Protein chains: 2
Amino acid sequence: MRPSIKQVAHLAGVSIATVSRLLNKPGSVSAETAEKIHRSIAELGFRPNFTGRNLRAGNSRTVGVVVPTLSNTVFAQCLQGIELAARALDYSVMFTTTEYLPEEETAAVELLLGHRVDGMILTVADASANATLDLLERERIPFVLAYNQLGTDQTAAPARASVSVDNRAAACDAVAHLIGLGHRRIQMLSGRFNASDRAMQRYYGYLDAMRAAGLAPMAVIEVERHTLTAAADYQQMMADPRQRPTALFCSNDLLAMSAMRDLRALGMKVPNDISVMGFDGIPVGALMEPVLASVVQPSEQIGEVALRVLVEAIERNASAAAAAAPDLALSASWLRHILPHAVRSGGSVALPATGVDC
Amino acid sequence: MRPSIKQVAHLAGVSIATVSRLLNKPGSVSAETAEKIHRSIAELGFRPNFTGRNLRAGNSRTVGVVVPTLSNTVFAQCLQGIELAARALDYSVMFTTTEYLPEEETAAVELLLGHRVDGMILTVADASANATLDLLERERIPFVLAYNQLGTDQTAAPARASVSVDNRAAACDAVAHLIGLGHRRIQMLSGRFNASDRAMQRYYGYLDAMRAAGLAPMAVIEVERHTLTAAADYQQMMADPRQRPTALFCSNDLLAMSAMRDLRALGMKVPNDISVMGFDGIPVGALMEPVLASVVQPSEQIGEVALRVLVEAIERNASAAAAAAPDLALSASWLRHILPHAVRSGGSVALPATGVDC
DNA sequence: CTGAAAGCGCTAACAA
DNA sequence: TTGTTAGCGCTTTCAG
């Protein structure tokens, strides 16, 4: 077995309490004793066992993260942001994916609860009416949603925290950008709404922009994640030359990039025949030619902020428990974190082809 | 505090040992007792505390992962593969990044050791002569390298495991592909060798291919990760029309994509003026136009295999300890795992422009 | 400034 | 089949 505080104490000729004290508040141990202990630690290659510490302390300085997938750069970036911020605050990260399956969310959370993480950051399919979040609430463990955006109309009871961009406004800006260019028939292509409440918000944003401009929204096309197996959707979409959209607004960049690929395969040119706009602003989009126009959301920062908000809640919780104060870990002023978005223009959008329009 | 096995036992009117037994081998408890206990568990919302279990058992069913970054899809995919495989085997994942800084590697490993993970998967800057790996060895904790490729010439002592493609052969295949197309002046662009031993292997592969074809290798250009701040390198590279390369082989796809962007900015057309080939085969490369030619490595599978090899080592270790057998966790037949690579052709490479050649 | 002792939640002998 | 008990590594009163 690995050396424990016990062997160190024995070798140094002191009690385990003294060793522990040296490890935690070095000031409370005499210089010579400290010296002896340090030598023993080095000699034995002792390394404190967090498991013991956690068991005793009742906290783990570990946060759990639950995201749909790491295949989408957006979540990878977010996780990166979380990890960086966590390390800076001396927290560790344990993570799981759900593969976009709502039923996996509960299992993921249960597992993390078993590990006694101090809090969780998660991106769920649908943040409203989510049994998993209710569970978290019952367990009274702090959590912060990332990407999921909570409404202002939160019903009294659960005061939840979220970190995201304003998806609806961001989508609205994107579509307004297209409209500003002269597009009137703008089609939205979206990931499944039931796998992403963000997609739904973005659809509302699309509607807002269309209506604000007095344009008729087109029926949204929902597709499976990242790829359109059948070109049938496009065929149909582009069937009637008089009705075909001049621009496509996609609920995420991967979708936009797949769409561009598929459109090319059908012999259409972007942006000459049709403009394409994405959402997310993933870095590779800016490397393509044409550059993918998109709404940039600060994914890494979303992760970073989510972690900081979470840790704040955790530590407030801890002191509150100590002071027997009310444990409303996440005070009202901290609930909805809306980070800024930015429309990134790019060669994938252009003026609508002349003569095609009404 | 959260309910413990103790409260459950009390409420069910049994001893804690019985509850523990029910949790571990349900068969050893009578039906009616089980029934009572189950009810208490449900009533209290009891959830076993892994911390207690881990402390007692001396293992955590958790693996640690250390990768340079999650900004590069390659590592995100790998981590995804690890997590999926881990979940299937009922292991959890704790992870950290090093930002490509070798000095962070040790800190990351120390942290994970503190958590008493059962094993680690890591991608280090340089797998040969790495102090961090030596530390892991001293601590006698199983670990598997991902992407880092161990040579066949391993010196006797440390029998280490790695999972990767054959970087050298893969790069050689890629360059041979370019040569097959008629290219003779092929320039390699690489990430810093001291941040990635893979890049070095790939450079050897480049040399192999060039020499095999009787061509003169050009001096490699090393650049900072993912981006070329100054276009100066390109200017110089393309300065002399009689000496300029007709093809560029990049040590990774992100680099290739940035290079294409930079070349475009300089007014050069890919592949007409110059062919570009990457390495990694990241999914977005196939969505671009032109499609990025590359060597595809199965990143997610690398993660999956790494995890399986690791768990095998962990469990072999456990039984070995029990049987007081030799603890050579990673037996020779399992050391170097070379997964298949594949050259993906794409529009970013073409025949060299006629008249440009010798 | 230091030590003795209790206990965090759990498992595994050993007894009954 | 069930209970008693010791102890995993650590922190933290409480005494001295």
Side-chain angles (χ1 to χ4, degrees), chain A residues 1-38 40-41 44-62 111-118 139 318 321-322, chain B residues 1-38 40-41 44-62 113-118 139 318 321-322:
Chain A
M1 230 21 229
R2 238 165 268 279
S4 79
I5 204 177
K6 214 162 166 176
Q7 350 267 8
V8 174
H10 182 72
L11 182 59
V14 298
S15 76
I16 61 170
T18 305
V19 177
S20 175
R21 269 189 288 262
L22 177 64
L23 262 31
N24 298 302
K25 20 177 150 41
S28 61
V29 170
S30 80
E32 46 187 348
T33 324
E35 178 58 25
K36 274 191 305 186
I37 299 179
H38 276 134
S40 310
I41 288 179
L44 293 169
F46 166 78
R47 195 185 312 280
N49 182 336
F50 294 169
T51 312
R53 179 179 308 207
N54 298 344
L55 184 56
R56 173 68 220 234
N59 73 281
S60 57
R61 281 197 96 78
T62 298
L111 189 70
L112 261 8
L113 283 173
H115 280 289
R116 292 301 190 266
V117 295
D118 293 342
E139 297 283 341
Chain B
M1 229 22 230
R2 237 164 268 279
S4 79
I5 204 177
K6 214 160 165 178
Q7 351 267 8
V8 174
H10 182 72
L11 181 59
V14 298
S15 76
I16 61 169
T18 305
V19 178
S20 175
R21 269 189 288 261
L22 177 65
L23 262 30
N24 298 303
K25 19 180 146 61
S28 62
V29 171
S30 81
E32 44 189 349
T33 323
E35 178 58 25
K36 274 191 304 186
I37 299 179
H38 276 134
S40 310
I41 288 178
L44 294 169
F46 167 78
R47 196 184 311 281
N49 182 336
F50 294 170
T51 312
R53 185 186 307 228
N54 298 345
L55 183 56
R56 174 66 220 233
N59 73 282
S60 58
R61 282 198 94 79
T62 298
L113 283 173
H115 280 289
R116 292 301 191 266
V117 295
D118 293 343
E139 297 284 340

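What you see is a predicted model, and the numbers here were worked out from it, not measured in a lab. All chains are named by letter (A, B, ...) in the order of the sequence lines, taking the proteins before the strands, and each is independently numbered beginning at 1.
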Counting the atoms with a prime plus P, OP1 and OP2 as sugar-phosphate, which does A/I16 contact under 4.0 Å by heavy atoms, base, sugar-phosphate, or nothing? base
*Just call it for A/V14: base, sugar-phosphate, or nothing, with non-hydrogen atoms closer than 4.0 Å on any strand.*
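Touches sugar-phosphate only.
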*Report yes if the side chains of A/L23 and A/I41 come closer than 4.5 Å at any heavy-atom pair, otherwise no.*
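Answer yes - side chains close enough.
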Just wondering, do A/R56 and B/L55 contact through their side chains at under 4.5 Å, heavy atoms?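 No, side chains not in contact.
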Go through the steps for A/K36 and A/V14 under the test side chain to side chain contact (heavy atoms under 4.5 Å, CB included), then give the verdict.
CA-CA 9 Å; A/K36 274 191 305 186; A/V14 298; 4.3 Å; yes
Practice prompt. Please report the C-alpha distance between A/N54 and A/R116 in whole Å, then the side-chain angles of each, then the deciding distance to 0.1 Å, and finally whether the side chain to side chain contact (heavy atoms under 4.5 Å, CB included) criterion is met.
Written response: CA-CA 9 Å; A/N54 298 344; A/R116 292 301 190 266; over 6 Å; no
How close do [X] and [Y] get, counting heavy atoms only, and between which atoms?
| X | Y | result |
| --- | --- | --- |
| B/V29 | B/R21 | CG2-CB, 4.0 Å |
| A/A34 | A/L22 | CB-CD1, 3.8 Å |
| A/A12 | A/S40 | CB-OG, 3.3 Å |
| A/R61 | A/D118 | N-OD2, 2.7 Å |
| A/S60 | A/V117 | OG-CA, 3.6 Å |
| A/T62 | B/H115 | OG1-CE1, 3.5 Å |

Atom [atom1] in [X], atom [atom2] in [Y]: separation rounded to 0.5 Å?
| X | Y | atom1 | atom2 | value |
| --- | --- | --- | --- | --- |
| B/S15 | B/I5 | OG | CD1 | 9.0 Å |
| B/S20 | B/N24 | OG | CG | 4.5 Å |
| A/L113 | B/N49 | CG | CG | 11.0 Å |

At a 4.0 Å cut-off to heavy atoms of chain B, the contacted part of DNA chain D spans D/dT1 to D/dG9
Is a side-chain donor or acceptor of A/R2 paired with a backbone partner of B/E139 at a separation under 3.5 angstrom?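 Yes, because the side chain of A/R2 sits within donor-acceptor range (under 3.5 Å) of the backbone of B/E139.
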| field | Side chain B/H10, main chain B/K6, donor-acceptor under 3.5 Å | value | no
Ordered by number, residues from residues 50-61 of chain B within less than 4.0 Å of DNA chain D (heavy atoms) are B/L55, B/R56
Please give me every residue in residues 3-12 of chain B whose heavy atoms get under 4.0 Å of an atom in DNA chain D, ordered by residue number.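 None - not one residue of the stretch has a heavy atom sitting under 4.0 Å from the strand.
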Students should find that the end-to-end axis angle of the helix from C/dC1-D/dG16 to C/dA16-D/dT1, with five pairs defining each axis and rounding to 10 degrees, is 40°
Within residues 28-35 of chain B, the residues having a heavy atom closer than 4.0 Å to DNA chain C are none
* Asked: From the 5' end of DNA chain C to its 3' end, which nucleotides mark the outer limits of contact with chain A, defined by a 4.0 Å heavy-atom distance cut-off (strictly under)?
  ->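 First and last nucleotides in contact are C/dC1 to C/dG9.
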